[in-house]
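Notes follow the structure.
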Amino acid sequence: MRKQRLVIIGNGMAGARLIEEVLDRGGRDLFEIVVFGDEPYGNYNRILLSSVLGGAHSAEDILINPPAWYQQNGVKLHAGLRADAVDRGRKEVHGTGGIVETYDKLVIATGSRPFIPAISGIYADSGAFKRGVFVLRTLDDCRKITSFATTCRKAVVIGGGMLGLEAAQGLLDRGLEVHVVHKSPHLMNTQLDPPASAILKETLKCMGLHIHLEKMTSAVLGQGRVAGVAFEDGSSLWCDMVIIAAGIKPNVDLARQAGLAVERGLVVNDELSCLNDPAAFAIGECSQHRGKTYGVLAPLWEQARVLADRLTGRNPSMAYRGSKVATRLKVMGVDLVCLGEKDTGEGDEVVQYSEPSRGIYKKLLIRDNRLVGAILLGDSAMGSACQRVFDREERLPADRASLLFTPGGETKVTSVADLTDTTQVCNCNGISKGDIVAAVKAGYRSLKAVCDATRAGTGCGSCKPQVQAIVELAANGLIVDDPSAYYYVPGVPLSKSELIKVCKEQGLRSVSAVFNALAGGKDDPDSKMGLASLLKTIWGEEYEDERDARFINDRVHANIQKDGTFSVVPRIYGGVVTPEQLRRIASVAEKYDVRRVKITGGQRIDLLGIPREKLPEVWNDLGMPSGHAYTRAFRTCKTCVGSEFCRYGLGDSLGLGIKIEKMFQGIETPHKLKLATTGCPRNCSEATTKDLGAVAIEGGKWEVYLGGAAGSRVRKGDLLCVARVHDEVLMYMGRFIQYYREHARYQERAYDFVERLGIEKLSRILVDDVEGICQRLDAEIQAAGDAYVDPWQEAANPEHPNQFARVLTLV
Amino acid sequence: MVATLPLASRAYNLGQITRIPPGEGRTFQIGHDAVAVFQTRGGEVFATQAWCPHEAAPLAEGMIGAGKLVCPIHACRFDLATGQPERNGGRPLKTYPVCLDEMGDILLYLDDRRFSGLAAG
Ligand code: SRM
Ligand SMILES: Cc1cc2nc3c(=O)[nH]c(=O)nc-3n(C[C@H](O)[C@H](O)[C@H](O)COP(=O)(O)OP(=O)(O)OC[C@H]3O[C@@H](n4cnc5c(N)ncnc54)[C@H](O)[C@@H]3O)c2cc1C
Ligand code: SF4
Ligand code: FES
């Protein structure tokens with residue numbers, strides 16, 4: 001089959017990104033890719049130009065893909081060559097010098113150029129800028145500025161927006177006296193509210209910038225070379241160079257000439273294709289989507305991804321629905337993160353904190369309990385956390401301050417910038433900060449990619465926030481939002497709710513059916529377990545079990561150990577044993593020469609070091625059911641002795657714990673579930689730090705807690721409700737467990753899930769029944785419990801003759 | 001596959017493919033040596049060294065899929081066909097030619113000179 005020709009105009013951030021995304025999706029086999037870039041380079045990181053200007057980076061530092069990269073990937077790059085015209089009738093792009101490339105698909109990614117306000121004296125007679133007047137958009141601009149600046153003492157930057165301030169800081173670093181002239185009364189007025197601008201102004205003044213607000217520049221003075229600027233109010237300021245940073249204008253001339261629909265930008269629909277030409281597409285700053293043009297990177301990354309999904313057929317129904325915008329000011333010594341909206345609407349909740357003496361101002365704009373805007377100035381330690389809840393539109397914690405301030409005490413994150421390269425970050429795999437930075441430099445630009453490449457965060461996972469922070473730091477803003485972070489499993493590009501919907505619609509009852517229908521038959525091993533867990537929850541008895549989709553532990557119902565043997569933990573309901581059971585355990589331990597007998601942290605007994613082929617015999621001899629100490633399922637319910645014996649006991653915690661174990665044993669969940677019941681608030685069984693806990697209180701009642709933790713994280717559970725009797729505790733716990741099964745991400749512990757949704761929401765759903773689903777939840781968890789069969793029964797009825805075989809020999 | 005066999009190789013019949021459940025692997029002991037043999041859901045067969053080069057876990061108990069093998073102990077990943085580790089710096093697995101005959105018997109080819117002793121670690 002002939003490959004299609006994909007021609008891209010513009011080799012900037014969007015164009016080059018699209019090429020990477022298309023190649024990632026196997027696009028090399030589908031397309032001959034041609035790209036026109038009128039800058040004479042490969043591709044470089046435009047957002048770091050301001051730090052090249054300041055001297056923190058060299059021009060080489062910011063190159064992303066050199067020309068050789070294009071060659072290696074079979075992409076034809078016309079570097080330094082402008083596309084002058086598009087003939088849509090013949091599907092041709094005409095480049096300077098008579099080059100013609102035909103296309104099947106055309107992508108316009110011409111970006112934008114600086115907006116030049118009507119100021120007299122900017123241009124020389126030749127039509128070029130007067131000597132000493134500059135803009136900052138390209139690497140060439142940057143080179144011209146830095147070389148000219150060596151002859152200068154004083155510079156004026158016209159424009160007090162983000163770009164103007166970054167340029168000003170760059171020149172300041174080069175030793176010039178720098179004046180920023182801004183026509184509005186507030187710096188960065190598109191992102192900041194007046195109090196924030198006022199604090200920012202003071203901070204910048206302390207750093208040595210001169211700031212002039214409400215000043216309209218009317219003329220650039222000087223004959224042949226800049227000698228100053230004049231203002232509308234009649235005043236003037238001498239200087240030897242001027243940088244214009246007054247905004248940007250999309251580059252749409254080419255598109256307009258080609259007859260494509262153009263307003264402020266080149267208009268595209270949710271498919272990113274031009275309105276009147278389905279073979280032409282546009283992404284990046286030149287495009288206009290749903291009335292909006294963007295001036296930052298995050299939107300164009302999303303666009304590149306969506307378009308690559310569509311063009312390569314990886315996900316032809318993918319649509320772009322607009323982006324949420326975040327801005328970070330990259331001026332050394334000023335910490336500033338702005339998210340979303342800045343102006344308060346009616347009914348919005350505003351949380352504000354201001355400490356002008358330290359240059360700190362923080363504001364959260366909250367609507368319907370979601371973050372719609374934020375300004376964090378002077379201390380952006382919580383910037384990433386805020387951005388996450390903002391991007392994902394998560395519900396906010398009731399304690400709003402937790403979004404503004406880093407917590408004190410045990411979880412305090414030291415700024416990753418202060419760590420040395422040799423500091424070990426991932427304590428499970430021994431990965432240092434330096435290893436992570438090296439991976440980012442090698443091109444891995446999302447948390448997932450870095451974790452996959454270094455193994456950081458793949459152990460207990462508790463270091464992930466720190467790894468994320470280091471990736472962000474090292475990527476200099478080039479961080480990629482990894483869409484697979486939202487997928488339920490990595491190998492099927494759907495979120496959990498989408499996946500459930502499709503599986504139900506299409507009647508997909510087995511893991512391989514899902515791979516065939518939704519992943520092109522690719523049976524990704526990292527996705528199997530998650531799918532198995534989900535399908536079992538959706539289909540119950542109708543689920544078609546495929547044993548290879550289970551991890552070894554779940555194939556043989558025991559936990560694999562470092563030497564390849566297994567551990568056996570029989571269920572001991574509520575931690576209560578009979579002498580007879582103890583005797584049996586003891587004789588099994590002797591008969592099989594068990595290497596170690598250990599009382600576990602879960603009030604049971606562990607027999608360690610059993611070879612695979614002995615498992616069935618051990619289970620038979622024990623005559624006890626599985627304790628499920630090996631799987632993502634209900635594990636245990638710890639208890640304390642409770643009211644029957646303890647002099648303080650207020651409730652029968654032991655009886656309740658046993659009922660809980662009998663009701664929920666074997667039920668599979670997104671991650672393991674550990675419960676506890678305690679007979680009084682002294683909490684001897686640690687119920688408030690379990691996934692679910694019940695605490696007896698005076699009056700014969702029970703407090704039901706959700707989302708406690710005392711593993712790799714420590715968290716006190718949230719009080720869901722107070723129940724009157726055992727059955728009510730069981731009911732609320734069951735409801736939560738079923739809701740957790742249906743809504744949590746795979747491998748999301750209850751403590752993360754509860755925190756993500758918030759206890760208020762959970763109590764509205766599970767106690768007030770605002771969604772009217774409680775009856776169904778109750779029935780489904782009951783059915784799941786009723787379907788329980790002790791997996792150790794497979795000792796007598798193996799599912800395959802070699803289920804427990806460790807080593808086979810020749811026949 | 002048979003066409004590219006090393007010269008001194010010898011075929012071992014490991015019995016019917018049904019000895020290995022679909023999508024799983026099993027360790028086979030052949031004399032002093034052990035080999036992990038896998039059957040994909042699609043019915044393809046692969047053979048690799050039996051123990052993980054990282055810390056000697058039984059690779060036959062790992063998950064397979066999409067041409068990959070994931071070690072059950074610390075999740076190192078290997079290409080089933082070539083034995084190449086997914087992460088740079090890891091050691092590759094030895095792989096062995098293996099196929100099914102027309103009766104559905106697994107035929108494993110071992111180069112007797114090179115094989116002996118190597119796979120037992
Ligand atoms: C046997 C036991 C330790 C002991 O000797 O007491 C144990 C052993 C293991 N724990 Fe644990 N945990 C044991 C109680 C706990 C407890 C305490 C408890 O259950 O009350 C905790 C803290 C509570 C919790 O679950 O958070 C605990 C937190 C963990 C964690 C961290 C989970 C987290 O997200 O915070 C892991 C890792 C994981 O699950 O990903 C883990 C993982 C493991 C694994 C399964 C690691 C593995 O995947 O192989 C260990 C298996 C050892 C082996 O070879 O058999 N174990 N582990 C305990 C068995 C309890 C039981 O009877 O079922
Ligand atoms: C100094 C500076 C700092 C910035 N800082 C940040 C930041 O911190 N965070 C952030 O998110 N964003 C930042 N931005 C904005 C960000 O760089 C842009 O949003 C992004 O570069 C837009 O990508 P694009 O591909 O649409 O346009 P561009 O990157 O401008 O790429 C367009 C390319 O097309 C070429 N081109 C145009 N017309 C033609 C033609 N007819 N033929 C051939 N080639 C053509 C252009 O020369 C250019 O190379 C910054 C921008 C600048 C200038
Ligand atoms: S038993 Fe738990 S704490 Fe101990 S080494 Fe294993 S996982 Fe770590
Ligand atoms: S033993 Fe295989 S990855 Fe560690």
Side-chain angles (χ1 to χ4, degrees), chain A residues 428-429 435 438-439 442 452-455 458-459 490-491 510-513 515-516 519-529 531-532 546-556 558-566 611-613 798-811, chain B residues 11-31 33-42 44 50-52 54-78 80 86-90 105-108:
Chain A
C428 290
N429 294 316
D435 298 331
D452 285 351
T454 58
R455 296 182 61 192
T458 59
S510 71
V511 172
S512 54
F515 285 134
N516 287 334
K522 195 165 166 217
D523 55 342
D524 174 34
D526 299 326
S527 303
K528 287 183 168 184
M529 290 185 275
L531 290 175
E546 291 170 340
R547 290 291 168 118
D548 63 302
R550 302 181 180 195
F551 183 60
I552 182 68
N553 288 2
D554 291 289
R555 294 182 194 164
V556 301
N559 189 74
I560 192 165
Q561 319 206 302
K562 61 195 308 181
D563 63 352
T565 61
F566 291 85
R612 180 172 178 169
E613 70 273 19
E799 173 276 336
H800 183 278
N802 286 334
Q803 181 178 2
F804 299 103
R806 185 170 55 95
V807 174
L808 301 178
T809 49
L810 296 182
V811 277
Chain B
Y12 292 86
N13 188 323
L14 306 185
Q16 281 285 300
I17 184 64
T18 50
R19 297 183 81 191
I20 307 175
E24 296 189 23
R26 285 294 181 272
T27 309
F28 283 83
Q29 189 72 37
I30 301 154
D33 301 305
V35 174
V37 182
F38 302 88
Q39 180 197 8
T40 68
R41 273 219 159 251
E44 277 181 292
W51 318 119
C52 181
H54 177 229
E55 283 181 9
L59 288 170
E61 324 224 303
M63 303 279 286
I64 60 168
K68 278 184 279 186
L69 160 63
V70 186
C71 174
I73 297 289
H74 308 106
C76 282
R77 260 162 251 275
F78 305 91
L80 266 177
E86 198 160 272
R87 206 182 308 284
N88 292 337
D105 277 2
I106 308 166
L107 299 183
L108 175 71

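The figures here come from the full heavy-atom set of this structure, side chains too, leaving out hydrogens, waters and symmetry mates. Because the structure is predicted, anything quoted here is derived from the model rather than measured.
Contact annotation for B:I20: only backbone heavy atoms (N, CA, C, O) come within less than 4.5 Å of a heavy atom of chain A. Of the two parts of B:R19, the backbone and the side chain both hold a non-hydrogen atom closer than 4.5 Å to a non-hydrogen atom of chain A. Contacts between A:A549 and chain B at a heavy-atom distance below 4.5 Å involve the backbone alone (N, CA, C, O). Of the two parts of A:D452, only the backbone, made up of N, CA, C and O, holds a non-hydrogen atom closer than 4.5 Å to a non-hydrogen atom of chain B. Heavy atoms of B:P72 lying under 4.5 Å from chain A belong to its backbone as well as its side chain. In this structure, chain B has no heavy atom under 4.5 Å from any part of A:S527. When heavy atoms are compared at a cutoff of 4.5 Å, B:T18 approaches chain A solely by way of its backbone atoms N, CA, C and O. When heavy atoms are compared at a cutoff of 4.5 Å, B:L14 approaches chain A by way of both its backbone and its side chain. Heavy atoms closer than 4.5 Å to chain B are found in both the backbone and the side chain of A:R455. Using a 4.5 Å cut-off between heavy atoms, A:S512 touches chain B through its side chain atoms alone. Contacts between A:E799 and chain B at a heavy-atom distance below 4.5 Å are absent for every atom of the residue.
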Would you sort out whether B:I30 and A:L810 count as a side-chain contact (heavy atoms from CB on, under 4.5 Å), showing the intermediate values? CA-CA 7 Å; B:I30 301 154; A:L810 296 182; 4.1 Å; yes
Take A:R806 and B:E61 through the test salt bridge (Lys or Arg N to Asp or Glu O under 4.0 Å) and record every step on the way to the result. CA-CA 9 Å; A:R806 185 170 55 95; B:E61 324 224 303; over 6 Å; no
Check step by step if salt bridge (Lys or Arg N to Asp or Glu O under 4.0 Å) holds for A:D548 and A:K528. CA-CA 8 Å; A:D548 63 302; A:K528 287 183 168 184; 3.0 Å; yes
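Ranked by heavy-atom pairs under 4.5 Å with chain A, the list B:L108, B:V70, B:I64, B:L69 is led by B:I64. Across A:D526, A:D524, A:V556, the residue that shares the most heavy-atom pairs under 4.5 angstrom with chain B is A:D526. Of the listed residues A:R555, A:K562, A:M529, A:Q803, the one with more heavy-atom pairs under 4.5 angstrom with chain B than any other is A:R555. By number of non-hydrogen pairs under 4.5 angstrom with chain B, the leading residue of A:Q561, A:R547, A:E546 is A:E546.
Atom CG in A:L808 sits 7.5 Å away from atom OG1 in B:T27 (nearest 0.5 Å). Here CG of B:L59 is found 12.0 Å from NE2 of B:H54. Values are rounded to the nearest 0.5 Å. The distance from atom NZ of B:K68 to atom CZ of B:R77, rounded to the nearest 0.5 Å, is 6.0 Å.
Looking at B:Y12 and B:L107, their side chains never come closer than 4.5 Å, going by heavy atoms from C-beta outward. Proximity of B:R26 to B:V37: side-chain heavy atoms (C-beta onward) are nowhere separated by under 4.5 Å. For the pair B:W51/B:P58, a side-chain contact is recorded, criterion being any heavy-atom separation below 4.5 Å from C-beta on.
Considering A:D563, A:I552, A:I560 in turn, A:I560 is the only one that fulfils the side-chain contact (heavy atoms from CB on, under 4.5 Å) rule with B:I73.
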